[in-house]
Amino acid sequence: MNIVNLKLGLLRTNCFIVYNESSTCWIIDPGDEFSKIETELNKFELTPTKILLTHGHFDHIEAINDIKNKYPTVKVFIHKNDIPFLTNNETWEMYLGRPLKSTAYDELLLDNQLLEGDNLQTKVIHTPGHSPGSVCFLFDNTILFSGDTVFACGSIGRTDLWKSSFADMRSSLKRIFSFVDNLIIYPGHGANTTLNDEREYRL
Ligand SMILES: [Zn+2]
Ligand SMILES: [Zn+2]
């Protein structure tokens, strides 16, 4: 599987374009700056079919409307518990000092659901805590896109935000840390890491 990593927007949110011997691809967390995403899609001659959201916070979703304008058949996937973030933008607007557009979604993600197509397959792991609809995407049992749940160097996502829950975060982390040792983790912000390295921070 090929992974293209872009750091987009105000919070340098990680966006990932994934593809595997195909001219079609999936985009995880297109946070902002559509032009940068478009440049990569053109460079590798890729057409996106799915947009997978680890959660609905503004810094992970702001390029969706532009992607849908250019590629109208692309489908946006989100967990139902994070739908409120796609339209209820008041909190973020106060924080950013600018208006945010609402974003539409197409399909809902379910815990343990398998998504297939375009020579790709992923399993959805519902990991509430940072937000109630946070999910991780597990590819080939070796690569985990962890959104804002787990970061490198022992860090985890904030649980002091609207609809966050520290108790849920604890259970979600317990679940992730039960996965295989050699798992490579690509977080929503910062560098990638491995589950093994992250375990050491928690000894
Ligand atoms: Zn977030
Ligand atoms: Zn984020």
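Counting starts at 1 for both ligands and their atoms, following the listed order.
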Problem - Cut-off under 2.8 Å, centre the Zn ion (ligand 2), protein N/O/S atoms - result: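 N, O, S partners closer than 2.8 Å: Asp59 OD2, His60 NE2, Asp148 OD2, His189 NE2.
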Handout entry: Thr103 side chain vs Leu86 backbone, donor-acceptor pair below 3.5 Å
Key =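 No; judged by distance alone, with no hydrogens or angles, the pair does not exist.
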Handout entry: Donor-acceptor contact present, side-chain Ser164 to main-chain His130, <3.5 Å
Key = yes
Practice task
Using the six-membered ring wherever Trp is involved, compare the ring planes of Phe85 and His57 and label them parallel, tilted or perpendicular (cut-offs 30° and 60°).
Solution key: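 Phe85 and His57: perpendicular rings.
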Problem - Geometric class of the Phe145/Tyr186 ring pair [parallel <30°, tilted 30-60°, perpendicular >60°] - result: parallel
Handout entry: Candidates Leu109, Val135, Ile61 - the one meeting side-chain contact (heavy atoms from CB on, under 4.5 Å) with Leu53
Key =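 Exactly one candidate clears the test, Ile61.
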Practice task
Output the distance between atom CG (Asn42) and atom CD1 (Ile37), rounded to the nearest 0.5 Å.
Solution key: 12.0 Å
